[in-house]
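Just so it is clear, the structure is predicted and the values come from calculations on it, not from any experiment. First listed ligand is number 1; within each ligand, the first listed atom is number 1.
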Amino acid sequence: MKIVVLGGDGFCGWPTALRLSRDGHSVTIVDNLSHRRIDQELGVQSLTPITAIEERLAAWQRVSGRTIAFQNIDIARDYDGLAAMLAEQAPDAVVHFAEQRAAPYSMRNAATKRYTIDNNINATHNLLVALVDLGFDTHLVHLGTMGVYGYDGDGLEIPEGYLDVTVSNQAGQSLPRSILYPTQPGSVYHLSKSLDQLLFQFYARNDRLRITDLHQGIVWGTQTEETRLDDALVNRFDYDGDYGTVLNRFLVQAVNGYPLTVHGSGGQTRAFINIQDTVRCVSLALNNPPPPGDRVRITNQLAETQSVRAVAAMVAGITGVPIANVDNPRKEGESNTLRASNQTFRGLGLDLILLKDALLNETLEIVERYKDRFNPEVVPARSLWTRDNRPGLVPGLGEGITK
Ligand code: NAD
Ligand code: USQ
C-alpha cells in the first residue's frame with residue numbers, strides 16, 4: 001500500500017512508519033516537527049537522544065535498504081500544502097497521529113488551550129476536507145484516545161465507540177438507537193479528541209469516507225524491533241511533567257532514585273498498551289478497512305487497565321524506589337474502576353503485551369543506558385487544571401508544583 005503517516009516523527013508515528021516500511025509499504029512521513037519545538041519551549045528533551053529527521057531516514061535506508069519520504073507540512077495551517085501532498089501521493093491509506101497530545105500541556109494556559117484546539121481540530125478537518133475534495137477512497141486511520149469515554153463506568157464494560165440504547169417516543173414506542181458513547185473529556189486535549197469524533201461521524205456519513213478511529217490507552221515502552229536496529233533510529237522517550245506519561249515517568253524516576261510521583265491516592269484507573277502493540281494494532285487496522293458507506297469503525301486499543309497506585313507498586317517492587325503521594329494538579333476523580341472491551345484486536349488474533357510480561361525490565365534497560373541525560377528539574381507536573389488548585393488556595397496543595 002501507499003501510506004502517508006501524519007505525525008510520523010513522533011513517539012507512536014516513528015516506529016509505526018518504520019514497521020510499515022519494513023512490511024513493504026511505500027511510506028511518506030508528514031510532520032511539522034512541532035513536538036521538537038515544544039520541547040525547546042518547555043526546556044525539556046527526550047531521555048533518548050533522537051536524531052534529526054533527515055538522519056533518522058538516512059539510517060533507515062542504510063539498515064533496511066528502504067526509503068521513507070518526508071515532507072515538512074503544518075497540516076493544521078497549510079491546507080494547500082496538505083492537499084498538494086495528498087494529490088501527489090494518492091495514498092491508499094493515511095495514518096493520522098499529527099495532533100498536540102499532552103493533556104497537561106493543553107491545560108497550561110490560555111495560549112496552549114487555544115493552540116491544542118486550533119491545531120488538532122484544523123488538522124483533522126483539513127485532512128477530511130482534502131480527501132473529499134480530491135475524491136479519494138483513502139482509508140483514514142486516526143489515533144484517538146480511551147480518555148474520551150471518561151472514567152465513571154461504574155463497572156460497565158466500555159464498548160468500542162457506540163452505545164446501543166432504547167429511547168421512547170411520545171407515543172410510548174421503544175426505538176433502538178446506536179449512539180456515540182457519551183464523551184466526558186478530562187482535559188482540553190481530550191476534548192479535542194471528542195470533537196474529532198463528530199468530524200469523523202459527519203464525513204463518514206456525508207461523503208462515505210472510510211474511517212477507523214483507534215481509541216488508544218496510555219502508551220508505555222520505547223523501542224520496537226525496527227528502532228533497535230541502529231542508535232540513530234531510537235524512539236523518543238518523554239518523561240517531563242507535560243509530555244511524560246505515567247508509567248514511563250515512573251520507570252525513569254525509579255532508575256534515578258526519584259520518588260514516584262503518584263497524584264493523590266493513585267486510585268485513578270487507566271488503560272495501557274505497549275508501543276510494540278501500538279505498531280501492530282495500526283498495521284492490523286490498515287489491513288482491515290471498513291467498507292465505504294459504513295459508520296466510523298471505532299476500535300479500542302488497549303491491553304489492560306491498571307490503577308496508578310498498582311503501576312507505582314509494580315515499579316517500586318522491581319526497583320526499590322519509594323512512592324511519594326503528591327497533590328494532584330489535575331481535576332479528576334480520586335478513584336475509579338475501568339473495564340473496556342478490546343474484542344476487535346483480540347478477535348484479529350492479537351496477543352497483547354501486559355505489564356507483568358517483564359517488559360518493564362527491557363524499558364528499564366534503556367532508561368539506565370541514558371541515565372546521564374536525566375534532568376530532575378523537569379519531572380514535577382506544573383500544569384494546574386483549574387484556578388482552584390493553585391498552590392496556596394488549597395491547604396497542602398502545591399507540593400512539588402510551582403506555577
Ligand atoms: P507525539 O507528539 O510524539 O507525535 C505527534 C507528532 O505530530 C509530532 O511529531 C508532531 O510534531 C506532529 N504534529 C503535531 N501537530 C502537527 C501539525 N499540525 N502538522 C504536522 N505535524 C504535526 O505524540 P504521540 O505520543 O506519538 O501521539 C500520536 C497520536 O497518538 C496523538 O494523536 C495522540 O493523541 C495519540 N495517542 C497517544 C498516546 C500516548 O500515550 N502517547 C495514547 C493514546 C493516543
Ligand atoms: N499521573 C500520576 N503521576 C504522574 C503522571 C500522571 O499519578 O507523574 C496520573 C494522572 O494524574 C492520570 C494518570 O496518571 O490520572 C494518567 O496520566 P498520563 O499523563 O499518563 O496520561 P494522560 O494524561 O491520560 O494522557 C496520555 C497521553 C494521551 C493519551 C492518553 C490515553 O499523553 O495522548 O490520549 O494517555 S488515555 O489516558 O487513555 O486517555
Output yes when the distance from some N or O of ligand 2 to some N or O of [X] is under 3.5 Å, and no in every other case.
| X | result |
| --- | --- |
| Ala102 | no |
| His190 | yes |
| Val246 | yes |

Is the closest side-chain donor-acceptor distance between [X] and [Y] under 3.5 Å?
| X | Y | answer |
| --- | --- | --- |
| Ser335 | Arg309 | no |
| Thr28 | Gln71 | no |
| His139 | Thr212 | yes |
| Asn300 | Tyr149 | yes |

Original post:
Does even one non-hydrogen atom of Gly217 get within less than 4.0 Å of ligand 2?
Top reply: yes
**OP:** Determine, using heavy atoms of Tyr243 and all atoms of ligand 2, whether some pair is separated by less than 4.0 Å.
**Re:** no
Only heavy atoms count here, so choose which of [options] is nearest to [atom].
| atom | options | answer |
| --- | --- | --- |
| atom 16 (C) of ligand 2 | Leu302, Ile273, Ile218, Val219 | Ile218 |
| atom 13 (N) of ligand 1 | Gly8, Ala123, Pro15, Ser34 | Ser34 |
| atom 15 (N) of ligand 1 | Asn72, Leu302, Asn119 | Asn119 |
| atom 7 (O) of ligand 2 | His263, Gln301, Arg309, Glu332 | His263 |
| atom 18 (P) of ligand 2 | Arg330, Glu334, His215 | Arg330 |

Students should be able to answer this: which protein heavy-atom is nearest to [atom], and at what distance?
| atom | result |
| --- | --- |
| atom 32 (O) of ligand 2 | Arg101 NH1, 3.0 Å |
| atom 31 (C) of ligand 2 | Thr145 OG1, 3.2 Å |
| atom 5 (C) of ligand 1 | Phe97 O, 3.6 Å |
| atom 27 (C) of ligand 2 | Thr245 CG2, 3.8 Å |
| atom 2 (O) of ligand 1 | His35 ND1, 2.7 Å |
| atom 37 (C) of ligand 1 | Gln216 NE2, 3.7 Å |
| atom 38 (O) of ligand 2 | Met146 CB, 3.2 Å |
| atom 4 (O) of ligand 1 | Gly10 CA, 3.4 Å |
| atom 26 (O) of ligand 1 | Cys12 N, 2.8 Å |
| atom 22 (C) of ligand 1 | Asn32 OD1, 3.0 Å |
| atom 33 (C) of ligand 1 | Arg101 CB, 3.4 Å |
| atom 3 (O) of ligand 1 | Phe11 N, 2.9 Å |

Subject >> Mode of Ile73 contact toward ligand 1 - side chain, backbone, both, neither (heavy atoms, under 4.0 Å) >> reply: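 It is the backbone that touches ligand 1; the side chain stays farther off.
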Subject >> Residue part near ligand 1, for Arg36, under 4.0 Å between non-hydrogen atoms >> reply: neither
With a cut-off of under 6.0 Å to the ring centre and 45° to the axis, is [X] in cation-pi contact with [Y]?
| X | Y | result |
| --- | --- | --- |
| Arg66 | Trp60 | no |
| Arg101 | Tyr243 | no |
| Arg297 | Phe200 | no |

Original post:
Is the distance between the ring centroids of Tyr239 and Phe374 less than 6.0 Å?
Top reply: yes
Subject >> Close side-chain approach of Gln201 and Arg295, heavy atoms under 4.5 Å >> reply: no
Original post:
Heavy-atom distance under 4.5 Å between the side chains of Phe97 and Asp31, does that happen here?
Top reply: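 They are not in contact (no side-chain heavy atoms under 4.5 Å apart), so the answer is no.
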[atom1]/[X]: more than 12 non-hydrogen atoms of other groups inside 6.0 Å:
| X | atom1 | result |
| --- | --- | --- |
| Arg346 | CZ | yes |
| Arg205 | CZ | no |
| Asn206 | CG | yes |

Going from [atom1] on [X] to [atom2] on [Y], what distance comes out if it is rounded to the nearest 0.5 angstrom?
| X | Y | atom1 | atom2 | value |
| --- | --- | --- | --- | --- |
| His25 | Ile3 | NE2 | CD1 | 4.5 Å |
| Leu199 | His125 | CG | NE2 | 6.0 Å |
| Asn119 | Thr112 | CG | OG1 | 12.0 Å |
| Gln306 | Ile218 | CD | CD1 | 11.0 Å |

Does even one non-hydrogen atom of [X] get within less than 4.0 Å of ligand 1?
| X | value |
| --- | --- |
| Gly217 | yes |
| Tyr189 | yes |
| Gln301 | no |
| Gly144 | yes |
| Leu6 | no |

**OP:** Considering the heavy atoms of Gln216, write down every atom of ligand 2 situated less than 4.0 Å from one of them.
**Re:**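 Listed by number with element: 31 (C), 38 (O).
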Subject >> Interfacing atoms of ligand 2 (cut-off 4.0 Å, heavy-atom, Val308) >> reply: 7 (O), 9 (C), 13 (C), 14 (O)
Original post:
At a non-hydrogen distance cut-off of under 4.0 Å, which region of Tyr151 contacts ligand 2 (side chain, backbone, both, or neither)?
Top reply: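 Under 4.0 Å from ligand 2, Tyr151 contributes side-chain atoms alone.
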Original post:
Side chain, backbone, both or neither: which part of Val262 has a heavy atom under 4.0 Å from ligand 2?
Top reply: backbone
Subject >> Contact check: Thr145 vs ligand 1, nitrogen or oxygen atoms, below 3.5 angstrom >> reply: no
Original post:
Does Glu225 come within less than 4.0 Å of Arg22, counting only side-chain N to carboxylate O?
Top reply: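 Salt bridge between Glu225 and Arg22, a charged N being under 4.0 Å from a carboxylate O: yes.
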Subject >> Partner of Leu33 under side chain to side chain contact (heavy atoms under 4.5 Å, CB included), chosen from Ile38, Asp39, Asn72 >> reply: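 The passing option is Asn72.
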